[in-house]
*Asks:* 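Please see the structure below; I have some questions.
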Amino acid sequence: VLLHRMKAHKVDYWSRLGRLRRSQWVLAWEKVDRAVMSGRIVCDTYLAAKARADLVKSKSYSLTQLARSQLETPREDISFESIPGYFKSASSLAYLTEHCCFDTFLVIKLMSKLQVLPLTKQLTALAGNLWGRTMTGARAERNEYLLLHEFHKAKFIVPDKAIYTSQRGAGATQQDGDEDGGRKTEGRRKPAYAGGLVLEPKKGFYDKFVLMLDFNSLYPSIIQEYNICFTTVNRPVRSDDNPDDEPDVPDSALETGTLPKLLARLVDRRRQVKQLMKDPKATPTELAQYNIRQTALKLTANSMYGCLGFTNSRFYAKPLAMLITSKGREILQNTVGLAESKGLDVIYGDTDSIMIYTNTDSIDEVKTMGLDLKREVNKRYRLLEIEMDAFYQRMLLLKKKKYAAIVVTEVNGQLKTKMETKGLDLVRRDWCELSHSVSEFALNQILSGDGREEVLDRIHEYLAKVGRETRGGLVPIEKFIINKGMTKNAHEYADVKSQPHVQVAKRMIAKGISVRAGDTVPYVICTDHTAQGPSKTMAECAYHPDELRQPGSGLKIDFEWYLAQQVHPPVARLCAPIEGTDAGRLASCLGLDASRYHVASAVADMQQHTMLDAQISDEERFRNVDRLFVRCLRCNRSNPLIGVALSKVGYRGLRCPEENCGAVLPAPSIGFQLTAAIQQHIRRYQEGWLLCDDPACQTRTRMLSVRREKCMNAECLGGKSLAFSDKMLYNQLLYFDRVFNYDRALKHTTDESLRGMLSWATRCRSAAPCD
DNA sequence: GCCTGGAGCGC
DNA sequence: AGGCGCTCCAGGC
């Protein structure tokens, strides 16, 4: 924009934006921005913030968002469409101008906060590439230069640089809208080799310490430990038909290769820098510099592995990458084996880490346990080191790569706690803020350490409130906004109709708002009352928040969709391991139609029980249920009711089983007693007593329930489970059903007189259902 | 119910 | 213009 304004106003020396003196306007319009800046290093804080995603945890990388999260400075968002309006008066134009000036201030502050210049300078100095290229985030190129320098010093001839050709056939000339079915979309290709090992988690809620250990820089360490290098590993010639076998570890007698030497140097320098940081005389400025340096060293060492597996890298070496990950898997597996052989309970692990359930509340005990294991593991390796990484006071482990925990740290002898959340819907930007805040509440409750019933009561109550407030229109629009990133440009998506963000992006582009690959698109889901025709897909109901806010748009947020699709699923997933609630219950709290969930879960239960136990007879299945005792009004004796198939059944109903009585049991009386029995069992289930499953132990507790946990009794090796579980309750209720199930009895009995009776009773029942 | 893309995480 | 592993959601069949 600047350049074109300069040209329009015939500004001299317009080429001074860059350092090349240009006298002629020869640049192609598309490439102006790059070429015109030649000779200058451009720092794009948008790219820089994305590159430092490790520090910047932001839903989107807009200046407004970054100013808020990084600089704690509010910034007014001025929508693209409203800008022309600011030109209508001097005062509003001045306001807009000031806003722009403030933006430049924010950008500078952001650059300073993220330490973009010091860090990129260090990275560049290490790799020996061009600073300007580091700014644009060319990680592979940095790695290439690092290796080029290294191999040149060692007097090797390096591989030729392959000319970059896109492997995909999407030509830039294909502008016609014709959808070519056979064309592959750009994006992530399928994996070429195996990566890290992820252990199957032992899911559940843990309310005693979990110890987390991990290997320091696993892959760089493996390269050194096993002397993995282009110069040492015997690898097959690169061709299309070579076998994908992983190569052997080089002979231990071989001289240290270039790659391990390089990594050793990086690690050693980092150690030195960290040593300098311990100097009490170091000034804050020096400390900051040291910290940047050690970060750069670490980043450089850690990015080596990734570039070995990068197809378009000059130093692409799939066999080396394969060997590294393979050793990683082997190391993790061995570590798990060692821990388990010491009687430790490994509940999870991912690539370079393991988590151990310690079954103790004493942090000192945990430390002893950890040190002990650490010592044994580290004995096995020359360089490789495992380290205690964290102590989790409580932990909710839901799935692979999805968990939350209360982390305990010692600060000046004081124990501090903090919540850490990994992979949950809660940390993903494709869920709206409403969804996040509800999940956060539920998670805080679950991890609070309070009793189960209390926790569930509070969650249920909160959900009811959320349902009411949402439907009442009390929740601000912002809380409904969902953000999704564009991996491609809008027109490159093949499947547009199922992707809400693409639909919205296309409309934004039509309005002249720039949306490119890598940008984040915000949208809300609205109801469509105007359309009576075929129901619209979800994506077609997506609108940009500005479209919703537009006066007279007639759009309304689809509250029911949000409660059912954004709030309910994540909360249900969080509560899944907690006994005493389920998807149906949570849905009904939110005011949603719970029957769907009840039916679904009942069907699932039914299948689980009947499919698995298909061969089991009723006698076997109901061996442990409480019989339904019914008191006869005439003889006043209680007798177990065995069921319509076996009880004395008369034309007037069930009869008292007492030998000398046989009076008809009135239906209302049976109904009352049955209801009481059902209520009693449901209460028993809700009380949630936990019982050790070792019959000799018999320890009973009533805590926030877990699906899987060791018995409270320290000496006992048993596990804890509900004394009266959901399965037992189900079985109990199934028994009650069976007792009065005429249809089933009719199907199963061979007694002709009973058959007649039952079929008659069945007909009567359909005539007078209230009986 | 099974399969396939895409997103977006974790490491 | 580093890698793979793992949920989830939608949609098509």
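A note on names: the letters A, B, ... follow the listed sequences, proteins ahead of strands, and every chain is numbered from 1. Everything numeric in this text was worked out from a predicted model, so none of it was measured.
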*Asks:* With distance as the sole test, does A:H436 use its side chain to make a donor-acceptor pair with the main-chain N or O of A:R428 at under 3.5 Å?
*Replies:* yes

*Asks:* Round to the nearest Å and state the distance from A:D352 atom CG to C:dG5 atom P.
*Replies:* 15 Å

*Asks:* Please report, rounded to the nearest Å, how far the P atom of B:dC11 is from the NZ atom of A:K298.
*Replies:* 13 Å

*Asks:* Would you say A:Y543's side chain and A:C526's backbone share a donor-acceptor pair under 3.5 angstrom?
*Replies:* no

*Asks:* What's the CG-C1' distance between A:L332 and B:dG10, to the nearest Å?
*Replies:* 14 Å

*Asks:* How about NZ on A:K121, more than 12 heavy atoms from neighbouring residues, nucleotides or ligands closer than 6.0 Å, or not?
*Replies:* no

*Asks:* Over 60° means perpendicular and under 30° means parallel, so tell me whether A:Y193 and A:Y305 are parallel, tilted or perpendicular.
*Replies:* perpendicular

*Asks:* Under 30°, 30 to 60°, or over 60°: which ring-plane class applies to A:Y403 and A:Y392, parallel, tilted or perpendicular?
*Replies:* tilted

*Asks:* Quickly, which of A:I347, A:L447, A:V407 forms a side-chain contact (heavy atoms from CB on, under 4.5 Å) with A:M395? Name it, please.
*Replies:* A:I347

*Asks:* Please report, rounded to the nearest Å, how far the P atom of B:dA7 is from the CG atom of A:L424.
*Replies:* 22 Å

*Asks:* Polar-atom pairs under 3.5 Å, protein N or O versus N or O of nucleotides 2-4 of chain C: list them with distances, or write none.
*Replies:*
| residue | atom | partner | partner atom | Å |
| --- | --- | --- | --- | --- |
| C:dG2 | OP2 | A:A140 | N | 3.3 |
| C:dG2 | N7 | A:R139 | NH1 | 3.0 |
| C:dG2 | O6 | A:R139 | NH1 | 2.4 |
| C:dG2 | O6 | A:R139 | NH2 | 2.7 |
| C:dG2 | N1 | A:R139 | NH2 | 3.0 |
| C:dC4 | OP1 | A:A192 | N | 2.8 |
| C:dC4 | O3' | A:Y193 | O | 3.4 |
| C:dC4 | O3' | A:G195 | N | 2.7 |

*Asks:* For nucleotides 8-13 of chain C, give me one character per nucleotide, 5' to 3': B if any protein heavy atom sits under 4.0 Å from the base, S if the only such contacts are to the sugar-phosphate, - if neither.
*Replies:* SSSSS-

*Asks:* If I take atom NZ in residue A:K50 and atom P in nucleotide B:dG8, what distance separates them, rounded to the nearest angstrom?
*Replies:* 10 Å

*Asks:* Check the distance between B:dG6's P and A:Q503's CD and give it to me in whole angstrom.
*Replies:* 15 Å

*Asks:* Classify A:F315 by what it touches in the nucleic acid, base, sugar-phosphate, or nothing, heavy-atom distance under 4.0 Å.
*Replies:* nothing

*Asks:* Could you check, using the six-membered ring where one of them is a Trp, whether A:F151 and A:F230 have ring centers closer than 6.0 angstrom?
*Replies:* yes

*Asks:* What's the OH-P distance between A:Y403 and C:dT7, to the nearest Å?
*Replies:* 14 Å

*Asks:* Write out a two-atom table: protein N or O, nucleotide N or O from nucleotides 2-4 of chain B, distance below 3.5 Å.
*Replies:*
none

*Asks:* A:Y226: what forms a ring-ring contact (aromatic ring centres under 6.0 Å, His included) with it, not counting sequence neighbours?
*Replies:* none

*Asks:* Tell me which pairs pass side chain to side chain donor-acceptor pair (under 3.5 Å) where either residue lies in residues 563-578 of chain A, with sequence neighbours left out.
*Replies:* A:D425-A:R573

*Asks:* Under a 3.5 Å cutoff on both atom distances, Watson-Crick or G-U, what's the dot-bracket for DNA chain C ([ ] crossing, | other strand)?
*Replies:* ..|||||||||||

*Asks:* Find the distance A:K484:NZ to B:dA7:P and express it as a whole number of Å.
*Replies:* 8 Å

*Asks:* Mind checking whether A:Y357 and A:Y206 have parallel, tilted or perpendicular rings, split at 30° and 60°?
*Replies:* tilted

*Asks:* Using a distance-only test with no angle check, is there a side-chain donor-acceptor pair under 3.5 angstrom linking A:E150 and A:T258?
*Replies:* no

*Asks:* Should the heavy atoms of other residues, nucleotides or ligands under 6.0 Å from NZ of A:K418 be counted, would the total exceed 12?
*Replies:* no

*Asks:* Could you verify whether a donor N or O on one side chain and an acceptor N or O on the other, from A:D389 and A:S353, lie under 3.5 Å apart?
*Replies:* no

*Asks:* Looking at A:C307 and A:R139, what are the two nearest heavy atoms and their distance?
*Replies:* SG-O, 4.4 Å

